[in-house]
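Letters A, B, ... are given to chains in the order of the sequence lines, protein chains preceding strands, and every chain is numbered from 1.
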Amino acid sequence: GAGVSQSPSNKVTEKGKDVELRCDPISGHTALYWYRQSLGQGLEFLIYFQGNSAPDKSGLPSDRFSAERTGGSVSTLTIQRTQQEDSAVYLCASSLFGTEGGYTFGSGTRLTVV
Amino acid sequence: ILNVEQSPQSLHVQEGDSTNFTCSFPSSNFYALHWYRWETAKSPEALFVMTLNGDEKKKGRISATLNTKEGYSYLYIKGSQPEDSATYLCAGGSNYKLTFGKGTLLTVNP
């Protein structure tokens with residue numbers, strides 16, 4: 001596609017429910033990242049996929065968070081049993097390879113847990 | 001963990017003013033420094049990727065400098081316009097992962 005596409009753009013969910021956030025990266029980009037921005041904080045790294053390599057999950061804040069990338073393209077970030085502190089803007093980015101040349105970001109999913 | 005600091009946290013300027021803000025980062029093990037602009041309701045947009053000490057890059061009225069020895073980068077905007085209003089993020093890191101600062105929120109008043 002022309003850009004990185006994320007859905008939904010907004011999600012309001014009740015505490016304890018599971019949510020799935022989707023990211024469709026630029027075709028041909030081998031690297032895919034998930035970040036989130038909580039209120040008053042910087043962008044926080046969550047997870048990184050590079051080609052067929054094992055993902056770097058070091059930024060996932062708890063075992064309630066998981067992500068997968070199918071066929072080296074679309075990625076889904078799943079948050080189980082959501083908590084209020086999960087409320088944030090979740091951003092996906094892709095790049096040709098790693099950080100060289102910079103990231104292309106999607107417009108994000110604003111998640112609100114009530 | 002890489003610590004990237006930005007200042008000021010927010011800034012209000014009048015249309016036509018020139019302005020600048022700072023990104024500081026650890027000077028050891030430097031790889032690259034990125035600047036992004038994030039307008040409300042839009043995607044963050046890459047402005048510059050800088051790798052060499054003394055680098056200076058320019059894009060229209062926006063320019064950036066890099067000092068890797070002392071660990072800082074400046075972003076300059078000449079003749080600010082209301083459409084420059086955005087959060088400006090800097091990020092440092094490795095060849096595969098970036099650590100972002102909290103950003104500088106710039107508001108340009110007409």
Side-chain angles (χ1 to χ4, degrees), chain A residues 1-10 23-26 29-61 88-110, chain B residues 1-10 21-26 29-52 55 57-59 62 64 66 68 73 75 86-105:
Chain A
V4 177
S5 177
Q6 288 189 247
S7 61
S9 54
N10 278 286
C23 173
D24 199 344
I26 291 175
H29 279 194
T30 63
L32 186 148
Y33 301 82
W34 284 97
Y35 283 79
R36 73 174 178 182
Q37 186 173 46
S38 305
L39 195 63
Q41 302 300 313
L43 282 175
E44 175 190 4
F45 168 78
L46 297 177
I47 189 168
Y48 160 59
F49 295 90
Q50 176 62 57
N52 295 320
S53 303
D56 176 352
K57 304 180 183 180
S58 60
L60 294 178
V89 175
Y90 289 80
L91 283 170
C92 175
S94 70
S95 67
L96 272 173
F97 185 89
T99 64
E100 204 163 317
Y103 294 166
T104 302
F105 280 94
S107 54
T109 293
R110 180 174 295 277
Chain B
I1 296 175
L2 188 66
N3 193 28
V4 178
E5 302 282 347
Q6 291 188 249
S7 63
Q9 188 174 359
S10 64
F21 22 93
T22 306
C23 174
S24 61
F25 51 87
N29 298 319
F30 174 82
Y31 182 79
L33 192 285
H34 296 227
W35 282 100
Y36 290 81
R37 177 169 67 192
W38 192 2
E39 295 179 64
T40 303
K42 293 188 178 179
S43 313
E45 171 199 1
L47 290 174
F48 305 113
V49 178
M50 309 175 78
T51 55
L52 298 176
D55 249 357
K57 296 209 171 181
K58 191 173 180 183
K59 189 175 183 177
I62 304 176
L66 178 67
T68 61
S73 175
L75 189 81
T87 296
Y88 290 82
L89 298 169
C90 76
S94 67
N95 62 333
Y96 76 93
K97 187 163 73 179
L98 292 178
T99 299
F100 285 82
K102 292 184 181 182
T104 292
L105 174 60

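- When all heavy atoms of Thr99(A) and Tyr96(B) are compared, the pair lying nearest together is CG2-C, 3.4 Å.
- Between chain A and the options Pro44(B), Ala46(B), Gly103(B), Ala41(B), the largest number of non-hydrogen pairs under 4.5 Å is found for Pro44(B).
- Of all residues in residues 46-56 of chain A, those placing a non-hydrogen atom less than 4.5 angstrom from a non-hydrogen atom of chain B are Tyr48(A), Asp56(A).
- Judged by distance alone, with hydrogens and angles left aside, the side-chain atoms of Tyr36(B) form no donor-acceptor pair with the main-chain N or O of Gly102(A) at under 3.5 Å.
- A pairwise comparison of heavy atoms in Trp38(B) and Gln37(A) identifies CZ3-OE1, 2.8 Å as the closest pair.
- Dense packing is recorded around CD of Glu39(B), with more than 12 heavy atoms of other residues, nucleotides or ligands lying under 6.0 Å away.
- Between Leu43(A) atom CG and Lys102(B) atom NZ the span is 12.0 Å, to the nearest 0.5 Å.
- The aromatic rings of Tyr103(A) and Phe100(B) lie tilted to each other, with the angle between the two planes from 30° to 60°.
- For chain A, no part of Thr87(B) is nearby; none of its heavy atoms comes within less than 4.5 Å.
- Residue Ser38(A) does not touch chain B at all, counting heavy-atom pairs closer than 4.5 Å.
- The two atoms that bring Lys97(B) and Ser58(A) nearest to each other are NZ-OG, 3.3 Å, heavy atoms only.
- Using a 4.5 Å cut-off between heavy atoms, Leu89(B) contacts chain A through its side chain alone, with no backbone atom that close.
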